[in-house]
Every structure is written in C-alpha cells, then in structure tokens.
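Down below is the structure, laid out as structure tokens.
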Amino acid sequence: MKIPTFKTILYATDLSKKMRPAFRHAISLAQQYQAKIIMLHVAEPIGNTGMAVLELYVPDMSDDFEQEELRGILNQMEKRLEDFYTEELGKDSDLVSDVAVVTGRPAEEIKKYAATHDVDLIVMGTHTSSSFGSSLLGSTARKLINISDRPVLVVPVGK
C-alpha cells in the first residue's frame, strides 16, 4: 500500500470563529506536505419561500440578491483568512491557493468541489456534543464521511 501524500487540501468551513482549530490542522498539514489549501464555504440556497418573499417585498433586488450574498461571504472569508495569518502565523503566507463560495447542500457540494479540484484531503471542523440526545458528530461531517471518496479529517471544535 502506497503512503498517501497531500498536494491539495480542501478546508471546508462554516465561517464561525470556532473553526480555527480545524484551519490550524489544515495549515499544519499543508506545511508538512508542502501542499496548497483551498478554502470552501457552502452557503445554503435561499429556497423558494425566501425568493418568493424577496420578489414580493423587494422585486428589484431579488435577481441579484443571491449573487451579492455570495460576494459578501467571499469577502468575509478573505478578511478572516488575512486575520488568521496575521494572528496565527505572524506573516503572509501562500499556503491558501483559492477561496471559494458555492451554494447548495453542504456535504454534497463539498464532495463535488473536492472531485472537481482533485483534492487529496478534506479538512473540516465539527461541533461536537456529548450531551444525551445530541449527535456526537455534526450532520454535515457525518454525511460527508459517508459519501466522500476522499479522506476526510474531522476536527472537533468547541460548542
């Protein structure tokens, strides 16, 4: 069996500040393997009801609303990336080769993006809980693990 190497790591994020431990794992692996990181955020689509409300109350904005929202998320990701490098690494780094935002169901879109960009590893954080009645692994992470044809590193993060 061949020992795996990682050239491209997909870091999937929900943009919460609690996901920094997962990003630190992606950074560490990228440094160790001299790999590139692609940051990905999947935005849930507005849906038919949301679009109907937009069209009813703000008809002039409804066509461009989703695209503007995606641009805002992309700008937010780029700002957080800059902040992370400054705070964690103390300097600029070229480890992140791309920052992307797509819409859809998170697990399916992460899998599709990983295949399209031929990534070697997916890194993501998950909100875990040990309380009775709570799932031990977040729903997106659990689903991705079950459908992915690529290795997935799931990093537990705070609640």
Side-chain angles (χ1 to χ4, degrees), residues 1-47 66-67 69-159:
M1 179 179 202
K2 187 175 150 183
I3 295 176
T5 59
F6 306 117
K7 294 179 183 152
T8 306
I9 298 169
L10 178 62
Y11 166 63
T13 179
D14 68 2
L15 297 179
S16 71
K17 291 186 179 188
K18 294 181 180 181
M19 290 295 149
R20 279 197 177 200
F23 193 41
R24 288 182 188 121
H25 275 78
I27 292 287
S28 176
L29 287 166
Q31 289 171 333
Q32 184 176 0
Y33 286 96
Q34 297 176 348
K36 294 291 181 188
I37 297 172
I38 299 172
M39 286 182 69
L40 175 67
H41 174 73
V42 180
E44 300 256 2
I46 294 173
E66 200 163 349
Q67 287 301 320
E69 187 70 22
L70 290 178
R71 278 192 292 276
I73 292 170
L74 186 58
N75 290 339
Q76 182 182 6
M77 285 182 73
E78 289 170 345
K79 173 72 172 116
R80 284 197 181 170
L81 178 61
E82 288 176 25
D83 291 347
F84 180 83
Y85 280 138
T86 302
E87 294 167 17
E88 299 290 329
L89 300 175
K91 59 181 172 69
D92 286 339
S93 176
D94 60 352
L95 292 176
V96 176
S97 63
D98 196 16
V99 178
V101 178
V102 297
T103 59
R105 294 186 170 149
E108 290 88 354
E109 291 301 321
I110 294 167
K111 177 187 179 201
K112 187 188 322 180
Y113 199 91
T116 302
H117 292 81
D118 196 27
V119 305
D120 303 299
L121 175 69
I122 301 167
V123 176
M124 66 184 302
T126 185
H127 302 281
T128 58
S129 176
S130 59
S131 64
F132 183 73
S134 296
S135 63
L136 295 175
L137 191 62
S139 60
T140 300
R142 183 176 54 248
K143 185 165 188 177
L144 183 61
I145 288 168
N146 288 321
I147 65 171
S148 181
D149 58 351
R150 294 158 198 279
V152 179
L153 172 62
V154 179
V155 180
V157 298
K159 298 176 193 174

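These numbers come from the heavy atoms of this one structure, side chains and all, not from hydrogens, waters or symmetry mates.
- Lys112 meets the salt bridge (Lys or Arg N to Asp or Glu O under 4.0 Å) test with Glu109; sequence neighbours excluded.
- Taking the salt bridge (Lys or Arg N to Asp or Glu O under 4.0 Å) definition, one finds that Arg105 meets it with nothing, sequence neighbours left out.
- Taking CG of Leu29 as the start and CZ of Arg24 as the end, the distance is 14.5 Å to the nearest 0.5 Å.
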Apply side-chain contact (heavy atoms from CB on, under 4.5 Å) to the pair Val96 and Phe23, showing each step before the final yes or no. CA-CA 11 Å; Val96 176; Phe23 193 41; 4.1 Å; yes
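- In terms of heavy atoms, Leu95 sits closest to Ala30 at CD2-CB, 4.2 Å.
- Side-chain contact between Leu10 and His117 is absent, with no heavy atoms from C-beta onward closer than 4.5 Å.
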Kindly list each side-chain donor-acceptor pair under 3.5 angstrom involving residues 32-42, sequence neighbours excluded, with atom names and distances?
from  : atom 1 : to    : atom 2 : distance (Å)
Lys36 : NZ     : Asp94 : O      : 2.9
His41 : ND1    : Thr13 : O      : 2.8

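- The minimum heavy-atom distance linking Val119 with Arg150 is given by the pair O-NH1, 2.7 Å.
- From Asp118, atom CG reaches atom CG of Asp120 across 6.5 Å, with rounding to the nearest 0.5 Å.
- In this structure, the separation between OG1 on Thr126 and CE on Met19 is 6.5 Å, given to the nearest 0.5 Å.
- Atom CD1 in Ile9 sits 9.0 Å away from atom CG in Leu153 (nearest 0.5 Å).
- When all heavy atoms are compared, the tightest approach of Val157 to Gly125 is CG1-CA, 4.4 Å.
- We find the NE2-CG distance between His25 and Leu121 to be 11.0 Å, quoted to the nearest 0.5 Å.
- The minimum heavy-atom distance between Leu144 and Ala107, with the atom names listed, is CD1-O, 3.6 Å.
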